[in-house]
Amino acid sequence: MSRSTLFRDVVRERHSVRDFLPQPVPEDILRSVLEDAQRAPSNCNTQPWQTHIVSGAKLDALSKAILAADDAGHLTPDFSFDTSDFHGVYRERAKEQGGAYYQAIGVKREDRELRREASRRNLEFFGARHVALLFMPSVGDNVRVAGDIGMYAQTLLLSLTAHGLGGVPQTMLGFYAETIRQELGIDPSSKLLFGISLGYPDRDHPGNQYRINKAPLGESVIFHQ
Ligand SMILES: Cc1cc2nc3c(=O)[nH]c(=O)nc-3n(C[C@H](O)[C@H](O)[C@H](O)COP(=O)(O)O)c2cc1C
């Protein structure tokens, strides 16, 4: 198989995994994935990612703390995020994504209680046995650094897929930045952009069986000559 075909397959196989098998990932495999992610490009090679991998009992304690913060309405995001800011086609795509996921797991749009419960699965890392929390230094308006973290995150996600693993990026974890810093003893100067729950996908879970549409090239790319 050619390298481009291999790459194409990995890219197309990757999808957000929202249910995981209970077995942890062996440390050497985790390290191999993180070594791949470390190769990501960044502005001036600054490599601004500060990755915290949380596993085992610490992960359970972290989930408890985040759920408690959520119950108390203690939301402390470092960066704003409001889905009502999405407009036009972006709003439509976001709606399609939410609809497709809830349909896959059998939750009706109007069932607010079940939707809330499903959304809280984010705070249990969807049953994953590891989370990578992507912290960053605050630099200027942070846009360039956030772009670098995006490069890193996708490299990590593709490497997970290539290793037979899966992950889901989660802005939602960023809503509990202060709680997470306190639990892990992280300095307030490190800002939490998002987390990635990761592990062995439960491929039989309905939430892992749907695939969301991607826009055709013409909606995203303009060629100039
Ligand atoms: C930066 C970022 C943050 C995300 N945050 C969440 C999240 O908080 N919860 C969630 O379930 N999915 C989250 N997602 C996953 C997206 O919903 C998903 O990537 C998108 O629907 C496309 O699906 P795919 O990843 O399967 O291609 C996030 C994705 C990205 C890139």
Side-chain angles (χ1 to χ4, degrees), residues 1-56 58-59 62-63 78-79 97 122 124-139 142-174 177 180-181 184 186 190-203 205 207-209 211-212 214 220:
M1 203 186 280
S2 72
R3 291 209 305 167
S4 62
T5 307
L6 271 174
F7 179 72
R8 191 178 189 277
D9 285 353
V10 172
V11 170
R12 280 165 183 65
E13 191 186 323
R14 186 216 58 83
H15 65 95
S16 288
V17 171
R18 295 191 182 84
D19 214 85
F20 296 86
L21 297 175
Q23 70 250 39
V25 179
E27 191 182 324
D28 57 329
I29 298 179
L30 216 45
R31 282 186 175 275
S32 169
V33 168
L34 291 163
E35 288 288 355
D36 284 347
Q38 203 68 9
R39 313 307 299 172
S42 57
N43 280 280
C44 305
N45 198 32
T46 45
Q47 306 169 67
W49 37 85
Q50 303 165 350
T51 307
H52 292 256
I53 305 289
V54 190
S55 314
K58 197 83 196 167
L59 186 74
L62 185 63
S63 176
D78 290 329
F79 304 101
Q97 150 58 23
N122 270 281
E124 295 163 345
F125 312 112
F126 295 102
R129 297 312 303 144
H130 312 273
V131 68
L133 295 162
L134 305 188
F135 283 85
M136 52 180 264
S138 183
V139 179
N142 288 311
V143 173
R144 307 293 167 194
V145 181
D148 294 339
I149 306 296
M151 298 273 173
Y152 176 87
Q154 172 69 339
T155 310
L156 192 148
L157 289 165
L158 291 176
S159 179
L160 286 172
T161 304
H163 283 81
L165 300 164
V168 57
Q170 291 170 265
T171 288
M172 201 166 154
L173 294 176
I180 293 173
R181 269 192 293 268
L184 302 179
I186 296 170
S190 290
K191 304 300 176 194
L192 178 56
L193 193 57
F194 57 92
I196 300 179
S197 292
L198 62 98
Y200 292 100
D202 180 350
R203 299 190 194 279
H205 191 273
N208 286 338
Q209 286 178 358
R211 294 291 177 272
I212 197 66
K214 301 292 176 179
S220 310

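When a residue number appears, it is its place in the shown sequence, counting from 1.
In this structure, Arg144 and Thr46 have side chains that are not in contact, with every pair of non-hydrogen atoms separated by 4.5 Å or more. Proximity of Met172 to Phe194: side-chain heavy atoms (C-beta onward) are nowhere separated by under 4.5 Å.
Remark: Glu13 CD to Leu158 CG distance equals 10.5 Å, nearest 0.5 Å. Note that CD of Glu27 is 12.0 Å distant from OG of Ser32, once rounded to the nearest 0.5 Å. Between the OG atom of Ser190 and the CG atom of Leu133 there is a distance of 11.5 Å, given to the nearest 0.5 Å. Note that OG of Ser138 is 9.0 Å distant from CG of Asp78, once rounded to the nearest 0.5 Å.
Distance alone, capped at 3.5 Å, is enough to place a donor-acceptor pair between the His205 side chain and the Gly207 backbone. In terms of modelled atom types and a separation under 3.5 Å, the side chain of Thr155 and the main chain of Met151 share a donor-acceptor contact.
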Evaluate the criterion side chain to side chain contact (heavy atoms under 4.5 Å, CB included) for residue pair Leu198 and Phe126; output intermediate values, then yes/no.
CA-CA 9 Å; Leu198 62 98; Phe126 295 102; over 6 Å; no
Leu156 vs Val33, side chain to side chain contact (heavy atoms under 4.5 Å, CB included): CA-CA, chis, key distance, verdict
CA-CA 6 Å; Leu156 192 148; Val33 168; 4.0 Å; yes
Take Val25 and His130 through the side chain to side chain contact (heavy atoms under 4.5 Å, CB included) test and state the conclusion after the steps.
CA-CA 8 Å; Val25 179; His130 312 273; 3.7 Å; yes
Which is it for Phe125 and Ser63 under the side chain to side chain contact (heavy atoms under 4.5 Å, CB included) test, yes or no, and what are the steps along the way?
CA-CA 8 Å; Phe125 312 112; Ser63 176; 3.7 Å; yes
Derivation and outcome, side-chain hydrogen bond (donor to acceptor under 3.5 Å, both in side chains), residues Asn208 and Asp19:
CA-CA 7 Å; Asn208 286 338; Asp19 214 85; 5.6 Å; no
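Legend: residues meeting ring pair (Phe, Tyr, Trp, His ring centres under 6.0 Å) with Phe135, ordered by chain and number and at least two apart, are His52.
With Trp49 as the fixed residue, the side chain to side chain contact (heavy atoms under 4.5 Å, CB included) test singles out one of Leu134, Asp148, Val145: Asp148.
Between Phe79 and Met136, the shortest heavy-atom distance links the atoms CZ-CE, 3.8 Å. Nearest heavy atoms, Tyr200 versus Pro26: OH-CD, 3.4 Å. Residues Asn122 and Leu173 come closest through the heavy atom pair O-CD2, 3.6 Å.
Taking a 6.0 Å sphere around CZ of Arg211, one finds it holds more than 12 heavy atoms contributed by other residues, nucleotides or ligands.
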